[in-house]
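Here's the structure we're looking at; comments come further down.
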Amino acid sequence: MTALAVIITACSVSYKFNGASIDYSKTKTIQIVDFPIRSSYVWGPMGPMFNNQLKDEFASHTKLIQVKRNGDLKIEGEITRYEQRNKSVTAEGSSSMVELSMTVNVRYTNNKDHEQDFEQQFTAQQSFDSKLQLNSVQEGLVQEMVKDIVQQIFNATVANW
């Protein structure tokens, strides 16, 4: 019985309800580099909104210490696409829904296990009624897309899904 207790307490992998599985005995720090916007179409607040949300996600859902350089884990990349397009058309031939999409390219480096390194694109979309002006719905739609993409990045990097 005592041996079982020692084995259970010796395990240092942390499994949380948010899906993070990190061996904190090996992995203690994370470096998250600000993602520049490389898209031809830009909405100014999108960059800071994304960068802050990404850092906040790791700060609130892991015990990793965020560092400026030489992190055990490193996340970097760029916002490569931000665009809108007509999604559906009415019987009269006019657009009824518009889709806004955002794509982020991510390079993930695990300096404790380079077999987990990857480069991948993550995309999110939100639709809105074409009768509305983009500037009246843009902030809320971008917040939802950022939240979605940040969750995708979190899952791909530290949740081992």
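Distance check: Lys28 NZ to Ile65 CD1 gives 8.5 Å after rounding to the nearest 0.5 Å. Residue Gln133 holds its CD atom at 11.5 Å from CD of Gln138, rounded to the nearest 0.5 Å. Rounding to the nearest 0.5 Å places CD of Gln126 at 11.0 Å from CZ of Phe128. Between the CZ atom in Phe122 and the CD1 atom in Ile153 there is a gap of 5.5 Å [rounded to 0.5 Å].
Side-chain contact between Gln84 and Glu99: absent, with no pair of heavy atoms (C-beta onward) separated by less than 4.5 Å. Side-chain contact between Phe58 and Ile75 is present, with heavy atoms from C-beta onward closer than 4.5 Å. When side chains are defined from C-beta on, Tyr82 counts as touching Val142, because their heavy atoms get closer than 4.5 Å. Looking at heavy atoms from C-beta onward, Met49 lies in side-chain contact with Trp43 at the 4.5 angstrom threshold. Proximity of Glu119 to Asn105: side-chain heavy atoms (C-beta onward) are separated by under 4.5 Å at one or more points. Within the 4.5 Å cutoff, the side chain of Leu134 has no heavy atoms near those of the Val98 side chain. You'll find the side chain of Phe35 reaches within 4.5 Å of the side chain of Val106, heavy atoms only. Looking at heavy atoms from C-beta onward, Arg81 lies in side-chain contact with Ser101 at the 4.5 angstrom threshold.
In summary, Arg38 and Glu78 do not engage in a salt bridge, as defined by a charged side-chain N under 4.0 Å from a carboxylate O. Using a cut-off of 4.0 Å between Lys/Arg side-chain N and Asp/Glu carboxylate O, Lys55 and Asp34 are scored as salt-bridged. Salt-bridge check for Glu76 with Lys74: passed, with a basic side-chain N closer than 4.0 Å to an acidic carboxylate O.
At a cut-off of 3.5 Å, with distance as the only test, no side-chain donor of Asp56 or Gln53 sits close to an acceptor on the other residue. Using a 3.5 Å distance cut-off with no hydrogens or angles, the side chains of Ser127 and Lys87 do pair a donor with an acceptor. No hydrogens or angles considered: a donor-acceptor pair under 3.5 Å links the side chains of Thr103 and Thr123. Side-chain contact of Gln31 with Asn70: a donor-acceptor pair under 3.5 Å is absent, judged by distance alone.
Checked by atom type and distance alone, the side chain of Asp72 pairs as donor or acceptor with a backbone atom of Thr29 at under 3.5 Å. At distances below 3.5 Å, not a single donor-acceptor pair connects side-chain atoms of Asn110 with backbone N or O atoms of Gln116. Judged purely by atom type and a 3.5 angstrom limit, Tyr24 uses its side chain to pair as donor or acceptor with the backbone of Lys63. Of the possible polar contacts, none joining the Asp148 side chain to the Glu144 backbone as a donor-acceptor pair under 3.5 Å is found. Using a distance-only test at 3.5 Å, with no hydrogens or angles considered, a donor-acceptor pair links the side chain of Tyr108 to the main chain of Thr157. One N or O on the side chain of Ser39 and one on the backbone of Tyr41 form a donor-acceptor pair closer than 3.5 Å. Counting only distance, with no hydrogens or angles, the side chain of Asn111 and the backbone of Gly71 share a donor-acceptor pair below 3.5 Å.
No continuous path of ILVMFWY side-chain contacts below 4.5 Å connects Val33 to Val67, so the two sit in separate hydrophobic clusters. Both Leu100 and Ile37 are members of a single hydrophobic cluster when ILVMFWY side chains are connected at heavy-atom separations under 4.5 Å. Put simply, Phe50 and Val137 are part of the same group of oily side chains (I, L, V, M, F, W, Y) that touch within less than 4.5 Å, one to the next. Grouping the Ile, Leu, Val, Met, Phe, Trp and Tyr side chains by contacts below 4.5 angstrom, directly or via other members, places Leu141 with Leu132.
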Side chain to side chain contact (heavy atoms under 4.5 Å, CB included), that's the test. Do Thr109 and Leu73 meet it? Break it down for me.
CA-CA 6 Å; Thr109 306; Leu73 306 178; over 6 Å; no
